[in-house]
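Encoded as structure tokens, the structure appears first; notes follow it.
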2 protein chains.
Amino acid sequence: MITTTLKKLSEISGLSISTVSRALKNHPDISEKTKLLVTELASMLDYEPNINAVHLRTRDSRLFGVIVPSLSNCFYNSVIASLEEEARKNDYSLIILQSVDDPDIEAANIKLCRQNRVNGLFASITPETINIEPFLKLAEIDIPVIFFDRVPDRSDCHKICVADIDSATIAANLIAENSKKKVLAIFGNSKFLITKKRYQAFTSILHQYNIECITAYATDGTHARQIANDYLPEKPDVVFCMTDEILAGVMRATQKRKLKIPDDIAVITISNGFLPTLYYPQITYIETSGEKLGKLAFESMMSTLSGSTFIHDKIIESVLVRGGSI
Amino acid sequence: MITTTLKKLSEISGLSISTVSRALKNHPDISEKTKLLVTELASMLDYEPNINAVHLRTRDSRLFGVIVPSLSNCFYNSVIASLEEEARKNDYSLIILQSVDDPDIEAANIKLCRQNRVNGLFASITPETINIEPFLKLAEIDIPVIFFDRVPDRSDCHKICVADIDSATIAANLIAENSKKKVLAIFGNSKFLITKKRYQAFTSILHQYNIECITAYATDGTHARQIANDYLPEKPDVVFCMTDEILAGVMRATQKRKLKIPDDIAVITISNGFLPTLYYPQITYIETSGEKLGKLAFESMMSTLSGSTFIHDKIIESVLVRGGSI
DNA sequence: ATATCAACCGCAAACGTTTGCAATGCAGTT
DNA sequence: AACTGCATTGCAAACGTTTGCGGTTGATAT
């Protein structure tokens with residue numbers, strides 16, 4: 001690979017390296033003639049600054065790390081898409097890494113971020129992450145870490161989450177409003193704080209209303225389908241799904257049994273918004289917007305970077321999107 | 001941000017920078033005592049090499065660029081997920097960028113890749129990309145560009161695509177086998193080579209069998225739904241969808257009209273494999289695997305990097321996955 | 001003729017690594 | 001005693017930038 005460098009431009013133009021450098025960044029010290037000459041030469045030779053050299057010299061990477069459990073997950077992708085957009089607008093780059101739910105890979109990814117001297121890190125931890133020391137160490141050396149979605153259960157770190165209690169509350173209330181009598185509620189990984197909170201909020205409200213509730217935790221879509229198959233015979237009149245994955249499993253089960261929605265059984269879910277629109281009637285869902293989360297996380301990052309010592313603990317507000325499934 | 005550098009380690013240990021450097025990379029010249037001393041010191045101080053300095057010095061970035069039209073697209077995400085995995089295994093990093101179908105942003109992204117001195121680029125171009133010069137320029141300076149999925153229509157560049165003709169052929173033949181008489185076929189963006197090829201293959205086979213065929217091009221899911229709404233009254237007995245997006249639109253239309261699948265109307269689609277499983281019966285589809293594409297693209301990259309001058313023009317084989325929709 | 005000033009430009013150091021080469025010390029050989 | 005050879009370590013240059021500071025012009029004012 002043969003690249004043009006400032007030195008090469010300097011040799012060709014007969015100007016010094018510093019003059020070439022300044023000319024390219026429109027420094028007032030440099031005359032217009034020189035600037036023109038240099039910029040033309042640079043574009044002739046397709047000059048692009050070596051970003052490694054720039055970062056080394058300026059001691060600034062203008063780079064954020066993003067670590068997510070999985071890249072083949074629609075929710076994280078919407079978060080990443082919005083982070084990427086914000087980053088671009090602010091002249092930052094992103095190094096995007098997936099931990100595939102493996103704490104070792106997660107650790108390696110953190111290492112990579114350190115090596116890259118990222119200015120900050122957006123992270124969603126794996127269910128198996130027991131030791132968040134490596135993250136905290138980043139924070140110690142003034143590299144802000146903004147946790148999102150799957151966050152550690154402690155108060156001394158930045159957290160941006162989709163609504164936990166709120167969204168479960170909305171769902172539970174909607175179920176009560178519709179005078180449902182027997183609920184099948186399928187939650188996600190019980191290790192997550194968000195699951196615990198939603199479970200707690202959801203069941204306590206149903207309890208207040210004296211509504212019967214079968215609860216279960218699903219590890220994935222297939223498991224959710226199995227759970228649905230097991231419990232549908234007990235004739236719940238509504239099923240609540242905590243995630244898109246669970247919804248997909250549940251829908252397969254109901255469709256197979258030719259249950260009419262919402263007449264035979266009502267469905268309500270918490271979702272990113274994509275899956276619910278695939279069905280007819282569209283599934284009523286409480287929206288957890290990855291885009292909004294991304295934007296908010298980015299804002300938090302920028303604000304901490306600009307000196308704020310405030311600990312961000314934000315929640316994406318829940319919006320009920322009415323479909324025809326309840 | 002206060003970081004440990006080789007210099008700092010050297011000062012503390014009383015050894016020279018070069019010795020510290022060599023000790024850390026287990027160079028045979030260094031005695032075991034020294035190695036132990038240095039590695040312990042390094043881990044005490046959380047030393048991580050500054051990757052910018054390393055890259056600058058070694059003139060190698062071990063970095064690949066990835067440019068996709070959109071990060072909130074399941075297909076590309078499966079490609080990216082598999083690229084990321086391969087990259088990690090081979091000690092490469094990825095810089096992932098989205099062009100949001102804007103040629104200007106795409107150009108800016110290419111620039112970023114150049115600035116980062118990527119070792120290679122994986123790219124899927126926007127529908128509006130008329131000038132692929134910037135890509136070719138990369139290739140000129142020995143930065144391999146592997147186009148995937150949406151590729152330029154010229155023979156002098158590496159291309160990895162999902163099957164175009166093949167997948168359409170399989171679909172058409174399956175339709176013929178099932179003695180369907182009237183097909184509604186909805187294709188994607190007519191600007192893409194892949195669309196043209198599939199259209200051509202699909203319609204010509206139907207023509208051979210003397211099967212009536214209504215064809216249309218959809219720009220997105222909503223548009224596909226509209227098209228379906230327009231043409232379903234003409235009572236086609238099977239609908240062919242070229243993409244997942246189109247399938248989603250079509251399914252909404254059929255569900256709304258309470259058409260039974262496959263009795264009232266059969267459905268067949270080309271898909272990544274996720275959407276078809278959401279419905280009941282599962283939709284029969286011709287699989288276009290993003291994972292396989294990613295792996296194959298990565299292989300091509302490695303082989304060109306290791307000196308092969310062969311122009312890769314590969315196709316991910318099509319696999320028919322039978323559901324119950326036809 | 002000299003001083004002043006602005007406009008323009010170059011020197012050189014620094015960022016944190018890697019690495020060819022030279023230097024050092026020391027044991028064993030002759 | 002001088003030499004060889006080996007094991008260990010250090011020197012210094014280079015990668016491609018940025019930037020503080022100082023230098024060189026030429027014009028204008030005194």
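Letters A, B, ... are given to chains in the order of the sequence lines, protein chains preceding strands, and every chain is numbered from 1. Any value given below was found using the heavy atoms of this structure, including those in side chains, with hydrogens, waters and symmetry copies removed.
Scanning for side chain to side chain donor-acceptor pair (under 3.5 Å) contacts around Asp91(A) gives an empty result, with sequence neighbours left out. Partners of Phe64(A) under the ring-ring contact (aromatic ring centres under 6.0 Å, His included) rule, at least two apart in sequence or in another chain, are Tyr92(A), Phe122(A), Phe298(A). Applying the ring-ring contact (aromatic ring centres under 6.0 Å, His included) rule to Tyr76(A) yields no partners; only residues at least two apart in sequence or on another chain are considered.
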Could you give the side-chain donor-acceptor pairs of residues 103-114 of chain A under 3.5 Å, partners two or more places apart or in another chain?
from, atom 1, to, atom 2, distance (Å)
Glu106(A), OE1, Thr129(A), OG1, 2.6
Glu106(A), OE2, Thr126(A), N, 3.2
Glu106(A), OE2, Thr129(A), OG1, 3.3
Asn109(A), ND2, Gln98(A), O, 3.1
Asn109(A), ND2, Ile105(A), O, 3.4
Arg114(A), NH2, Asp46(B), O, 3.4

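Near DNA chain C, meaning a heavy atom under 4.0 Å away, the residues from residues 25-42 of chain A are Asp29(A), Ile30(A), Ser31(A), Thr34(A).
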Every protein N/O within reach of nucleotides 12-16 of chain C N/O, cut-off under 3.5 Å:
from, atom 1, to, atom 2, distance (Å)
dA14(C), N3, Arg57(A), NH1, 3.4
dC15(C), O3', Arg59(A), NE, 3.4
dC15(C), O2, Arg57(A), N, 3.3
dG16(C), OP1, Arg59(A), NH2, 2.6
dG16(C), N2, Ala53(B), O, 3.4

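With rounding to whole Å, Asp60(B) atom CG is found 17 Å from dT17(C) atom P. Rounding to whole angstrom units, CG of residue Leu9(B) and C1' of dT17(C) are separated by 12 Å. Here dA23(C) presents its P atom at 20 Å from CG of Leu15(B), a figure rounded to the nearest Å.
Listed by first and then second residue, the salt bridge (Lys or Arg N to Asp or Glu O under 4.0 Å) pairs involving residues 18-36 of chain A are Glu32(A)-Lys35(A) (not counting sequence neighbours). Evaluation of the ring pair (Phe, Tyr, Trp, His ring centres under 6.0 Å) test over residues 24-54 of chain B, restricted to residues two or more places apart or in two chains, returns none. Judged as a salt bridge (Lys or Arg N to Asp or Glu O under 4.0 Å), the pairs with a partner in residues 118-130 of chain A (not counting sequence neighbours) are, in order, Glu128(A)-Lys191(A).
The closest side-chain donor-acceptor pair between Ser300(A) and Ser303(A), if any, does not fall under 3.5 angstrom.
An OP1 or OP2 oxygen of dG10(C) is reached within less than 4.0 angstrom by a side-chain nitrogen or oxygen of Ser16(A).
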